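Computed from a predicted structure; not experimentally measured. Atom set for the values below is all heavy atoms of this structure, side chains included, hydrogens, waters and symmetry mates excluded. Residues take their numbers from the sequence shown, with the count starting at 1.
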Amino acid sequence: MKEPPKPLHTKVESAYHIIGKKWVNLIVHVLMEGPKRFNELNAIIPVLSKRMLNERLKELEESGILKRHVIPERPVRTEYTLTEQGRELGTALFHVEAWGMKWL
C-alpha cells in the first residue's frame with residue numbers, strides 16, 4: 001500500500017507564500033545592488049504602482065527580509081535595505097534567475 005503524501009512543512013509553505021507574491025522577486029533583485037529609496041525602486045520597476053510597491057515593502061519588512069531606515073534630514077529620507085535573511089533569499093533567487101535565462 002502507498003503511503004499518503006507528507007504535508008509540506010509550515011516554513012516551506014511560508015517561504016513559497018512570500019516569494020510567490022508578484023513583484024517580491026524583482027524588489028529583492030534590485031535591493032541586492034544596495035540600499036534604495038522608494039522613488040529609486042519605483043523608477044527601476046516602473047510598471048509597479050506606488051501603492052503595490054508600498055504594500056510589498058511593508059510585507060517584506062514584516063517578514064524580516066528588508067529593513068526600512070529613516071534618515072533624519074530635511075527632507076526626511078527613507079531607505080530600504082536587505083537584511084541578512086533577505087540577502088540569502090536574493091542569493092537563492094539568483095539560481096532561479098539563471099534557470100530562467102537558460103530555459104525560458
Side-chain angles (χ1 to χ4, degrees):
M1 227 180 203
K2 260 178 145 178
E3 282 186 40
K6 294 180 183 176
L8 285 176
H9 191 275
T10 305
K11 289 186 178 187
V12 173
E13 285 183 73
S14 295
Y16 279 114
H17 180 72
I18 291 168
I19 64 173
K21 288 187 174 183
K22 192 169 184 177
W23 306 114
V24 166
N25 299 333
L26 286 176
I27 293 168
V28 171
H29 174 88
V30 170
L31 289 175
M32 286 292 285
E33 298 170 0
K36 299 282 186 279
R37 293 175 26 209
F38 184 91
N39 286 335
E40 290 176 298
L41 288 166
N42 191 240
I44 294 168
I45 314 171
V47 293
L48 174 56
S49 73
K50 289 182 178 186
R51 183 189 64 77
M52 183 58 68
L53 175 58
N54 190 47
E55 186 177 312
R56 290 295 180 254
L57 290 172
K58 284 181 182 178
E59 292 169 353
L60 291 170
E61 184 178 13
E62 289 170 3
S63 298
I65 293 170
L66 64 79
K67 62 182 174 181
R68 181 177 174 263
H69 180 69
V70 178
I71 302 165
E73 296 178 344
R74 290 202 181 247
V76 174
R77 291 186 322 148
T78 303
E79 285 187 339
Y80 296 90
T81 186
L82 293 175
T83 61
E84 181 180 352
Q85 178 183 346
R87 287 188 301 277
E88 281 190 35
L89 174 60
T91 301
L93 292 174
F94 170 78
H95 296 288
V96 174
E97 292 172 16
W99 177 85
M101 295 298 288
K102 181 176 180 178
W103 294 103
L104 300 178

Asker: Would you name the heavy atoms of T83 and L66 that are closest together and state the gap between them?
Answerer: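 Smallest heavy-atom distance, with atoms named: CG2-C, 3.8 Å.
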Asker: So how far is it from E59 CD to H17 NE2, rounded to the nearest 0.5 Å?
Answerer: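 With rounding to 0.5 Å, CD (E59) is 7.0 Å from NE2 (H17).
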Asker: Going hydrophobic residue to hydrophobic residue with side-chain gaps under 4.5 angstrom, can you get from L89 over to V12?
Answerer: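 Yes, L89 connects to V12 through the hydrophobic network.
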Asker: To the nearest 0.5 Å, what is the distance between CD (E97) and NE2 (H29)?
Answerer: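 With rounding to 0.5 Å, CD (E97) is 5.0 Å from NE2 (H29).
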Asker: Can you measure from CG (N39) to CG (L53) and round to the nearest 0.5 angstrom?
Answerer: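 Nearest 0.5 Å value for the CG-CG distance: 9.0 Å.
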Asker: If you take all heavy atoms of A43 and P46, which pair is closest and at what distance?
Answerer: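 So the minimum-distance heavy-atom pair works out to O-CD, 3.5 Å.
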Asker: Taking the side chain as every heavy atom from C-beta outward, state whether E79 and I71 have any pair of such atoms under 4.5 Å apart.
Answerer: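 E79 reaches I71 side chain to side chain.
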Asker: Under 3.5 Å, is there a donor-acceptor pair between the side chain of Q85 and the main chain of S63?
Answerer: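 A pair under 3.5 Å: yes.
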Asker: Hey, any chance L26 and M101 share a hydrophobic cluster, counting ILVMFWY side chains that come within less than 4.5 Å of each other, even indirectly?
Answerer: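 Unlinked, L26 and M101 end up in two clusters.
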Asker: Kindly indicate, with the supporting measurements, whether the criterion salt bridge (Lys or Arg N to Asp or Glu O under 4.0 Å) is fulfilled by E62 and K58.
Answerer: CA-CA 6 Å; E62 289 170 3; K58 284 181 182 178; over 6 Å; no
Asker: Which pair of non-hydrogen atoms, one from N42 and one from S49, has the smallest distance, and what is that distance?
Answerer: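 Heavy-atom minimum between the residues: ND2-C, 4.3 Å.
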Asker: More than 12 non-hydrogen atoms from neighbouring residues, nucleotides or ligands closer than 6.0 Å to CD on E33, yes or no?
Answerer: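 Counting other residues, nucleotides and ligands, CD of E33 exceeds 12 neighbours.
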Asker: For residues N25 and V96, determine if any side-chain heavy atom of one lies less than 4.5 Å from a side-chain heavy atom of the other.
Answerer: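 N25 does not reach V96 side chain to side chain.
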Asker: In Å, rounded to the nearest 0.5 Å, how long is the span from NZ of K36 to CG of L57?
Answerer: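 Going from NZ on K36 over to CG on L57, the span is 13.0 Å.
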Asker: Between I65 and L82, is there a side-chain heavy-atom distance shorter than 4.5 Å?
Answerer: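 Sidechains of I65 and L82: in contact.
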Asker: How far apart are the closest heavy atoms of F38 and K50, and which atoms are they?
Answerer: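 What the structure gives for the nearest pair is CZ-O, 3.6 Å.
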Asker: Drop me the distance from K67's NZ to L60's CG, to the nearest 0.5 angstrom.
Answerer: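 The CG atom of L60 is 15.0 Å from NZ of K67, to the nearest 0.5 Å.
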Asker: Any chain of hydrophobic side-chain contacts (each under 4.5 Å) joining L93 to W99?
Answerer: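 Cluster IDs for L93 and W99 differ.
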Asker: Testing the basics here: between V24 and R56, what is the closest heavy-atom pair and its distance to 0.1 Å?
Answerer: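 Nearest heavy atoms, V24 then R56: CG2-CD, 3.8 Å.
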Asker: Mind checking whether T78 and R68 have side chains closer than 4.5 Å, heavy atoms only?
Answerer: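 The answer is yes; the side chains approach within 4.5 Å.
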Asker: To check you understand the geometry: which heavy-atom pair defines the closest contact between G90 and V28, and what is its length?
Answerer: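 Closest heavy-atom pair between G90 and V28: CA-CG1, 3.7 Å.
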Asker: What about F94 and M32, same hydrophobic cluster or not, with Ile/Leu/Val/Met/Phe/Trp/Tyr joined at side-chain heavy-atom distances under 4.5 Å?
Answerer: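 No, F94 and M32 fall in different hydrophobic clusters.
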